[in-house]
Asker: 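The structure that follows is given in the form of structure tokens.
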Amino acid sequence: MKECSISQFPEYIGQDVTIKGWVSNRRSSGRVSFLIFRDGTGICQVVAERDVLGDTYQEIRKIPIESSVIVHGKVVEEGRSAGGFEVQASSIDIVHLSDEFPIGKKEHGPDFLLSNRHLWLRSARQTAIMRVRDALVRHVRNYFYENTFTLIDTPIFTTTCGEDTSNLFSVDYFDLGKTYLSQTGQLYLEAAIFGLGKVYCLGPTFRAERSKTRRHLTEFWMVEAEMAYYDHKMNLDLQEDFVSYIVQNTIAERQEDLKLLERDIEPLKRVVPPFHRISYDEALDILHKQGSDIVWGADLGGDDETVITQLFDKPVFIENYPKQTKAFYMKQHPDRPEYVFCADLLAPEGYGEIIGGSQREDNYDLLIKAIKDNNLEPETYGWYLDLRRYGSVPHAGFGLGIERTLSWICGLKHVRETIPFPRMLYRAYP
RNA sequence: UCCUCGGUAGCUCAAUCGGCAGAGCGGGUGGCUGUUAACCACUAGGUUGGGGGUUCAAGUCCCUCCCGGGGAGCCA
């Protein structure tokens with residue numbers, strides 16, 4: 001018999017095949033048992049009949065959930081079966097009889113599921129999310145490839161830091177003392193644009209913030225892009241094009257998975273250029289009219305973001321924040337020095353910030369001043385300052401959070417389900 | 001770090017005013033000729049997160065510690 005995968009069933013209708021996988025669930029009647037069978041490419045129903053299987057039927061009838069089996073039998077179209085096909089077994093080899101599987105058919109709480117993440121990852125919902133993640137990351141890479149960006153893998157161990165050290169994980173580094181796990185590749189990307197023009201990186205990012213919310217992980221994946229000779233407006237135009245590309249391609253490719261996740265993709269279909277653009281000051285006006293007492297100079301909180309995203313039917317940029325609320329490397333507005341050229345992109349439907357980006361300060365003296373104003377030490381930024389000494393150019397870039405974007409695309413309540421093994425404030429196992 | 005909610009059977013939860021610790025799922029045994037979180041019958045399963053206290057009596061009230069969930073701040 002020919003071995004095939006469940007995803008290939010349309011080509012094997014009426015034929016005898018061998019499939020290898022696991023029993024997701026089982027139902028039995030007097031003379032017939034139904035195994036819900038999974039092989040990594042799909043699910044189907046295996047029909048096991050007493051009269052066909054003989055002695056092994058007694059074992060199959062009570063086989064523990066998650067046992068691994070190899071099934072030989074005929075592929076048949078069957079509307080009543082999950083996946084649309086069933087295999088009428090002529091024989092079944094038991095590879096391993098599972099111990100009692102901790103995750104049952106009824107609902108479970110988050111603590112239990114997260115403690116059993118290594119087993120939870122087998123479930124239909126979780127495998128669907130992982131496939132959407134795979135597609136999203138692939139389309140991210142495709143976009144940059146198609147637009148002549150070069151991948152630059154930035155270091156994980158770093159000495160200089162994007163911002164202050166209080167939210168960095170420190171690591172002992174031989175005789176050199178402390179290094180820190182990277183929380184951004186941006187500064188290194190800035191070095192790379194001088195040779196390559198447009199570059200990007202995609203990798204894990206570490207934040208030692210004691211954050212405990214549905215939008216935070218201590219280890220998450222971020223894609224960052226940096227472009228030479230790009231100003232603020234060009235940066236936003238690119239982000240708009242990029243986000244539209246990855247969303248449209250991902251939802252088109254993974255329709256079945258999104259359906260399983262019960263994600264209504266109509267709102268996602270509207271994610272095409274142009275996005276809404278409002279200034280920080282306009283955002284404050286909106287919030288004040290909604291009854292907020294937020295003061296100028298304060299960063300927008302989670303609730304503020306939610307209020308604003310609910311007013312728009314597609315992603316919205318909030319541009320030009322006060323300089324005091326943002327990082328030192330952002331370029332200050334030439335006419336209004338109290339502002340910087342930056343923007344956060346908020347995803348609709350209450351998801352909030354998925355991108356932070358800015359045009360970078362390319363003037364040596366202004367950058368030195370900004371470093372000092374932020375109580376940072378210019379000496380530790382030697383190489384970064386050099387970039388403003390040898391052919392400095394206007395440049396801009398942004399970073400997009402993979403898990404937040406995936407959470408939005410999948411319509412999930414919490415980012416913890418979007419990464420295979422989430423690291424959170426109180427959780428580093430499994 | 002702060003606010004808030006919670007911890008009872010392997011899992012999800014219930015237990016009235018402080019008064020015999022229960023159900024569903026899962027496990028075991030048996031039944032059922034096509035099931036859809038299958039169903040039916042029977043059955044086993046408990047140091048009520050740990051420690052201390054009040055009381056005739058504590059899952060329930062008080063103190064304390066531990067472990068989680070949600071949120072704030074911060075950020076993607």
Side-chain angles (χ1 to χ4, degrees), chain A residues 24-36 43-52 58 61-62 64-66 76 78-83 86 88 98-116 119-120 123-124 162-164 166-168 183-186 202-224 239 298-306 325-327 344-347 351-357 398-408 413-416 418-419 424-427 429:
Chain A
S24 292
N25 195 8
R26 147 180 71 71
R27 291 181 279 274
S28 70
S29 184
R31 60 170 275 278
V32 60
S33 288
F34 301 91
L35 307 182
I36 304 305
I43 58 166
C44 71
Q45 174 168 281
V46 171
V47 184
E49 291 185 273
R50 185 174 61 197
D51 298 345
V52 175
Q58 285 310 313
R61 188 171 73 88
K62 305 171 88 172
I65 283 170
E66 286 303 320
V76 177
E78 172 54 67
R80 288 173 293 183
S81 167
E86 69 181 23
Q88 295 172 342
S98 177
D99 284 349
E100 185 185 331
F101 199 63
I103 299 176
K105 301 180 196 178
K106 286 240 171 165
E107 288 179 13
H108 298 279
D111 181 33
F112 176 78
L113 288 171
L114 288 166
S115 295
N116 288 281
L119 305 177
W120 187 25
S123 74
E163 281 129 73
D164 70 286
S166 62
N167 52 10
L168 293 169
Q183 61 167 354
T184 174
Q186 179 200 318
L202 172 54
T205 299
F206 308 89
R207 303 270 168 97
E209 298 156 356
R210 299 183 78 83
S211 301
K212 208 161 128 21
T213 82
R214 68 182 65 210
R215 301 187 306 279
H216 287 88
L217 296 168
T218 52
E219 176 181 322
F220 67 98
W221 285 63
M222 181 158 70
V223 57
E224 293 174 275
Q239 290 172 40
D299 208 347
L300 270 50
D303 291 344
D304 301 323
E305 287 186 3
T306 303
T325 67
K326 289 295 182 178
D344 288 346
L345 181 65
L346 308 185
Y351 280 90
E353 186 174 0
I354 56 170
I355 283 182
F398 65 90
L400 173 134
I402 295 293
E403 287 77 17
R404 285 189 181 176
T405 304
L406 186 57
S407 175
W408 166 44
K413 292 193 195 75
H414 200 300
V415 293
R416 64 188 166 206
T418 62
I419 190 165
M424 297 180 294
L425 184 52
Y426 294 123
R427 212 173 270 284
Y429 173 97

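Hydrogens, waters and symmetry mates are skipped; everything else that's a heavy atom, side chains included, is used. Values in this document were obtained by computation on a predicted structure and should not be read as measured data. So you know, we letter chains A, B, ... as the sequences are listed, proteins then strands, and number each from 1.
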Asker: If you measure from the P atom in B:rU29 to the same atom in B:rG22, how many Å do you get, rounded?
Answerer: 26 Å
Asker: Using heavy-atom distances to pick each residue's nearest nucleotide on RNA chain B, tell me which of A:F220 and A:K413 is more 5'.
Answerer: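 Between the two, 5'-proximity favours A:K413.
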Asker: Expressed in angstrom and rounded to an integer, what is the separation of A:E353 atom CD from B:rC74 atom P?
Answerer: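 A:E353 atom CD is separated from B:rC74 atom P by 12 Å.
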Asker: Given 3.5 Å as the limit, does a donor-acceptor pair link the side chain of A:E305 with the main chain of A:E353, or not?
Answerer: yes
Asker: Do A:R207 side-chain atoms and A:Q183 backbone N/O form a donor-acceptor pair below 3.5 Å?
Answerer: yes
Asker: Just how far, in rounded Å, is P of B:rC75 from CG of A:L346?
Answerer: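 About 14 Å, once rounded to whole Å.
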Asker: Return yes if the base of B:rA76 and the side-chain atoms of A:R215 contain a donor-acceptor N/O pair under 3.5 Å, otherwise no.
Answerer: no
Asker: RNA chain B in dot-bracket, Watson-Crick or G-U pairs under 3.5 Å, [ ] crossing, | other strand?
Answerer: (((((((..((((.....[..)))).(((((.......))))).....(((((..]....))))))))))))....
Asker: Has the side chain of A:E403 got a donor or acceptor atom that lies under 3.5 Å from a matching backbone atom of A:R416?
Answerer: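 Between the backbone of A:R416 and the side chain of A:E403 there is no qualifying donor-acceptor contact (under 3.5 Å).
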Asker: Please report the distance, rounded to the nearest Å, between CD1 in A:I65 and P in B:rC11.
Answerer: 17 Å
Asker: If the P atom of B:rU1 is compared with that of B:rC39, how far apart are they to the nearest Å?
Answerer: 46 Å
Asker: Using a cut-off of 4.0 Å on non-hydrogen atoms, how would the nucleic acid contact of A:K326 be classed: base, sugar-phosphate, or nothing?
Answerer: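 No contact.
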Asker: Does A:I103 reach a base, just sugar-phosphate, or nothing at all? Heavy atoms under 4.0 Å.
Answerer: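 No contact.
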Asker: Rounded to whole angstrom units, what separation is found between the CG atom of A:L345 and the P atom of B:rC75?
Answerer: 17 Å
Asker: Got a donor-acceptor pair under 3.5 Å from the side chain of A:R404 to the base of B:rC75?
Answerer: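 Flag set: donor-acceptor pair detected.
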Asker: With sequence neighbours excluded, tell me which residues meet salt bridge (Lys or Arg N to Asp or Glu O under 4.0 Å) with A:R427.
Answerer: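 For A:R427 the salt bridge (Lys or Arg N to Asp or Glu O under 4.0 Å) partners, ignoring immediate neighbours, are A:D111.
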Asker: My understanding is that only residues two or more places apart in sequence, or in another chain, count here; which of them pass side-chain contact (heavy atoms from CB on, under 4.5 Å) with A:R50?
Answerer: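 By the side-chain contact (heavy atoms from CB on, under 4.5 Å) rule, A:R50 matches A:R31, A:Y57.
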Asker: Taking the C1' atom of each, how far is B:rC67 from B:rG50, in whole Å?
Answerer: 10 Å
Asker: Starting at atom CG of A:L113, determine the distance to atom C1' of B:rG10, rounded to an integer number of angstrom.
Answerer: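 A:L113 atom CG is separated from B:rG10 atom C1' by 14 Å.
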Asker: Without decimals, in angstroms, what is the distance between A:L425 CG and B:rG73 C1'?
Answerer: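 Nearest whole value for this atom pair: 13 Å.
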Asker: So what does A:D299 touch, heavy atoms closer than 4.0 Å: a base, only the sugar-phosphate, or nothing?
Answerer: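 Sugar-phosphate only.
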Asker: Any donor-acceptor pair, under 3.5 Å, between the side chain of A:S211 and the base of B:rC74, if you only look at N and O atoms?
Answerer: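 Between B:rC74 and A:S211, which were checked side chain against base, a qualifying N/O pair under 3.5 Å is present.
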Asker: Could you list the residues that satisfy side-chain contact (heavy atoms from CB on, under 4.5 Å) with A:N116, not counting sequence neighbours?
Answerer: A:P102, A:I103, A:F112, A:H118, A:L119
Asker: How would you label the contact of A:G301 with the nucleic acid (heavy atoms, under 4.0 Å): base, sugar-phosphate, or nothing?
Answerer: sugar-phosphate
Asker: How many Å lie between CG on A:L119 and P on B:rG10, as a whole number?
Answerer: 17 Å
Asker: Determine the contact category for A:G104: base if any of its heavy atoms lies under 4.0 Å from a base atom, sugar-phosphate if only primed atoms, P, OP1 or OP2 are that close, otherwise nothing.
Answerer: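 Result for A:G104 = nothing.
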Asker: Do A:R215 side-chain atoms and A:R404 backbone N/O form a donor-acceptor pair below 3.5 Å?
Answerer: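 Not at all, since once roles are kept as given, no pair shorter than 3.5 Å links the two residues.
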Asker: Any protein N or O atoms within reach of nucleotides 68-70 of chain B? Criterion: under 3.5 Å, listing atom names and distances.
Answerer:
from   : atom 1 : to     : atom 2 : distance (Å)
B:rG68 : OP1    : A:Y426 : O      : 3.0
B:rG68 : O3'    : A:R427 : NH2    : 3.3
B:rG69 : O3'    : A:R416 : NH1    : 3.2
B:rG70 : OP1    : A:H414 : NE2    : 3.1
B:rG70 : OP1    : A:R416 : NH1    : 2.5
B:rG70 : OP1    : A:R416 : NH2    : 3.3
B:rG70 : O3'    : A:R214 : NH2    : 3.3
B:rG70 : N7     : A:K212 : NZ     : 3.2

Asker: Sugar-phosphate atoms are those with a prime plus P, OP1 and OP2; base atoms are the rest. Using that split, label each nucleotide of nucleotides 32-42 of chain B B, S or - for protein heavy atoms under 4.0 Å, 5' to 3'.
Answerer: BBBBBBB----
Asker: Within this structure, what is the CD-to-C1' distance between A:E209 and B:rG73, rounded to whole angstrom?
Answerer: 10 Å
Asker: C1' atom, B:rC75 versus B:rU64: distance in rounded Å?
Answerer: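 Rounded to whole Å, the distance is 35 Å.
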Asker: Using the C1' atom in both, what is the distance from B:rC20 to B:rC65, to the nearest Å?
Answerer: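 My reading of the C1' atoms in B:rC20 and B:rC65 gives 32 Å.
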Asker: Please determine whether any donor N or O and acceptor N or O are separated by less than 3.5 Å between the side chain of A:H108 and the base of B:rC11.
Answerer: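 Such a pair does not exist between side chain and base.
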